[in-house]
Amino acid sequence: MIRERLKEIVDSCFASGVNEGKWSDAAAGKYTLEVPKREGQGDFSTNMAMVMAGMEKKNPREIAGLLVEILSAEDAIIDKLEIAGPGFVNIFLKPQVWQEVLQPILRTGDNFGRSTVGKGKKVLVEFVSANPTGPLSIGHGRQAILGDAIARLLEVTGHEVTREYYFNDAGRQMRVLGESTRARYLEIQGLPFEFPEDGYQGEYIRDIAQVLLDEQGAGLVGQEDAEPFTKKAVELIFADISGTLERMGVRFDNYYNEHTLYDAGHIDSVVKELREKGLVYEKDDAVWFKTTLFGQEQDRVIIKSSGEPTYRLPDIAYHREKFRRNFDWLVDVFGSDHIATVPDVLAGVEALGYDPKKVTVVLHQFVTLTRNGKLVKMSTRKATFVTVDELLDEVGVDVARFYFMMRKADSQLEFDLDLATKEEKDNPVYYVQYGHARLCSILRRAKDMGLEAAHPEQADLSLLREAEELQLLKSIASFPAAIEAAALELAPHKAIFFLMELAGELHSYYNKHKVIDPENVPLAVTHARLCLIAAVQQVFKNGLLMLGLTAPEKM
RNA sequence: GCACCCGUAGCUCAGCUGGAUAGAGCACCGGACUUCGAAUCCGGGAGUCGUUGGUUCGAAUCCAACCGGGUGCACCA
């Protein structure tokens with residue numbers, strides 16, 4: 001909030017320098033205004049002089065001098081200016097500027113941190129999209145939380161978000177599922193059975209078979225068609241998946257069944273349109289899409305010689321439907337094992353006349369679990385993978401969510417079960433939540449002692465002059481910008497890091513200065529500090545809730 | 001072989017649209033509870049930012065090549 005104000009001032013100083021002929025406007029939009037890493041280098045710093053120097057072949061420190069001259073007229077909020085290093089202009093603001101952020105924060109309350117930068121842009125976030133062949137695994141868990149967090153962040157930054165789960169409950173995969181279930185159904189009854197070669201070996205298949213046996217007895221023994229088995233398996237597995245998602249706090253607006261693409265004729269019409277554009281051809285009885293025209297090394301088959309489409313065709317048709325449904329931005333959250341499909345879909349989108357730049361694919365790497373410092377081995381085929389439900393049983397929802405959001409999508413995520421199950425210390429989730437609970441505790445105590453609730457208009461905020469207090473003020477003032485960055489970059493880990501840093505600053509402050517201490521802290525200071533504390537607590541709460549975490553008042 | 005991702009402290013990771021002396025947590029060592037919650041804090045050691053070149057006033061960040069790890073490269077999804 002302060003940064004934006006200062007940026008306007010700096011921009012107008014840049015412009016007046018241009019008007020006065022001090023420099024050209026070549027550097028417009030190229031320079032930055034950022035918070036220096038190191039203390040003592042100002043509240044903000046701009047590299048404008050260095051950027052201009054490079055373009056105009058002048059001495060950067062000399063240009064910096066001119067800039068300081070213009071900037072120093074802005075003495076309403078600027079306290080001090082200095083030229084440092086190779087030509088940075090460091091800007092020190094008056095403490096009052098920071099103290100005054102408390103009013104708007106406390107006034108905005110639960111809405112502080114929300115913004116309208118999204119301008120109501122319609123975004124479709126597709127994630128999870130696991131076919132109903134088994135319970136959600138840890139990998140799906142990461143994706144579910146990543147997608148959910150992205151959706152939440154986009155929502156609070158003014159985007160109109162639709163969360164969608166795309167699935168397919170037909171085809172070969174499902175036949176195998178049904179056959180696997182039938183085999184277990186027969187096995188339970190001690191009858192001869194044939195387990196499919198690439199069947200699903202998980203224990204949950206037996207559970208499904210048992211349900212069928214309980215419901216229908218032996219009536220399905222002679223059943224040649226796997227269909228009834230598939231149907232029951234899909235039903236039960238979907239119920240299981242939905243239950244897990246709900247438990248994790250993940251919600252969907254829409255479940256999109258691949259079959260609707262066939263029923264509505266979208267598959268055929270995509271092929272027709274591509275054919276009309278001369279982008280497909282027949283070879284070896286198959287239909288090929290000329291993906292080489294879109295930068296790929298080879299063309300791809302979209303309809304097999306058997307007449308069945310490959311997975312690419314419905315994927316492309318699905319994305320066309322997303323565009324037709326009038327979304328401005330399509331965000332796809334996929335596991336990195338789907339990387340091969342991305343270029344195909346983008347080529348299809350472009351071929352059909354839509355802008356591939358409106359599609360952003362967030363590919364996340366895999367999750368590894370460690371326990372006692374050793375890797376927990378997982379295999380999908382043998383169904384030795386750890387399910388999300390098992391993980392939730394062990395660490396709880398907040399911890400699971402936090403850990404899945406803690407790393408950027410590009411990084412492989414190591415889930416340390418030892419660390420995650422520690423409740424007493426060392427767990428970053430509790431570190432942040434404890435900060436919030438602590439502040440609630442102070443506010444409760446203030447109330448018990450009959451101290452008035454925080455009224456920033458009445459308190460003398462100029463008493464907030466400790467270094468730790470100013471740091472906290474600066475941090476909470478930058479909260480909206482942090483949320484905005486995390487949202488627009490589709491990077492929830494940035495929001496997590498913000499909260500962890502804020503927690504660190506808060507705990508340090510807590511251990512050094514007291515808020516309520518009638519014998520040693522003047523009442524006026526207590527009042528001012530209560531305002532600060534209330535604002536920091538609000539930021540913790542808003543940040544935690546925005547990410548789907550709880551903000552406990554007691555722990 | 002080709003494509004994408006990763007390589008930063010003993011371990012797990014930030015930082016990467018170029019900027020000032022490269023950060024945090026864990027682990028290790030030493031301190032702080034008659035004081036608003038010690039699930040906390042304070043201090044300490046710890047680094048060829050995978051390697052080698054290049055671009056630049058300036059490179060962990062950009063480019064090239066190479067090394068190491070992951071994931072893909074079907075008329076499977």
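So you know, we letter chains A, B, ... as the sequences are listed, proteins then strands, and number each from 1.
In this structure, the separation between CG on A:D398 and CD on A:Q433 is 4.5 Å, given to the nearest 0.5 Å. Between A:Y31 atom OH and A:L67 atom CG the span is 9.0 Å, to the nearest 0.5 Å. In this structure, CD in A:E414 is found 7.5 Å from CG in A:L375, a value given to the nearest 0.5 Å.
Distance from the side chain of A:V515 is smallest to B:C36 among B:G19, B:C36, B:A74. Comparing B:U35, B:C13, B:C6 by their nearest atom to the side chain of A:D410 picks out B:C6. Comparing B:U40, B:C6, B:C4 against the side chain of A:I339 picks out B:C4 as the nearest. Nearest nucleotide to the side chain of A:K304, out of B:C16, B:C76, B:A74: B:C76. Checking B:C76, B:C16, B:C36 against the side-chain heavy atoms of A:I516 singles out B:C36 as nearest. Picking from B:G70, B:C2, B:A77 the nucleotide with the shortest atom distance to the side chain of A:E297 gives B:C2. Ranking B:A77, B:C36, B:U40 by closeness to the A:R438 side chain, first place goes to B:U40. Of the candidate nucleotides B:A20, B:C75, B:C13, B:C75 has the atom nearest to the side chain of A:T310.
Between the P atom of B:U12 and the CZ atom of A:R407 lies a distance of 10 Å, rounded to the nearest Å. Regarding A:D337, its CG atom lies at a distance of 13 Å from the C1' atom of B:C5, rounded to whole Å. Rounded to whole Å, atom P of B:C41 lies 14 Å from atom CD of A:E501. The separation between A:N520 atom CG and B:U35 atom P is 14 Å, rounded to whole Å. Atom OH of A:Y434 is separated from atom P of B:C36 by 11 Å (rounded to the nearest Å). Summarising the geometry, the separation between OH on A:Y200 and P on B:A77 is reported as 12 Å, rounded to the nearest angstrom. Remark: C1' of B:C42 and OH of A:Y509 are 18 Å apart, rounded to the nearest angstrom.
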Anything under 3.5 Å between a protein N or O and an N or O of nucleotides 57-63 of chain B, put it in a table, one pair a line.
none

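The phosphate of B:A14 has OP1 or OP2 within less than 4.0 Å of a side-chain N or O from A:S411. Side-chain nitrogen and oxygen atoms of A:H493 include at least one within less than 4.0 Å of the OP1 or OP2 phosphate oxygen of B:G15.
Shown here, B:A27 forms no base pair; nothing in the strands shown gives a Watson-Crick or G-U wobble contact with both key distances under 3.5 Å. When both pairing distances are held under 3.5 Å, B:A77 makes no Watson-Crick or G-U pair with any nucleotide shown. The partner of B:G7, taking Watson-Crick or G-U wobble pairs whose two distances both stay under 3.5 Å, is B:C67. Of the nucleotides present, none pairs with B:G47 by Watson-Crick or G-U wobble criteria with both distances under 3.5 Å. Pairing of B:G72, defined by two Watson-Crick or G-U wobble distances under 3.5 Å, is identified with B:C2.
Across every non-hydrogen atom of A:R371 and A:L417, the tightest pair is NH2-CD1, 3.3 Å.
Between the base of B:C5 and the side chain of A:S336 there is no donor-acceptor pair shorter than 3.5 Å. For B:A20, its base sits under 3.5 Å from the side chain of A:N90 at one donor and acceptor pair at least. A donor N or O paired with an acceptor N or O is found under 3.5 Å between the base of B:A20 and the side-chain atoms of A:S45.
Nearest-nucleotide positions on RNA chain B for A:R444 and A:Q365 put A:Q365 closer to the 5' end.
Classification of the A:Y403-A:F415 ring pair by plane angle, with boundaries at 30° and 60°, yields parallel. Taking the six-membered ring where the residue is Trp, A:F167 and A:Y165 present perpendicular rings, their angle passing 60° and hence far from 30°. Classification of the A:H493-A:F497 ring pair by plane angle, with boundaries at 30° and 60°, yields perpendicular.
Ring centroid separation for the pair A:Y434 and A:H507 comes in under the 6.0 Å cut-off. Between A:Y318 and A:Y166, the distance separating the two ring centers is shorter than 6.0 angstrom.
If you take atom P in B:U52 and the same atom in B:A9, they sit 16 Å apart, rounded to whole Å. Nucleotides B:G10 and B:G47, compared at atom C1', are 12 Å apart to the nearest Å.
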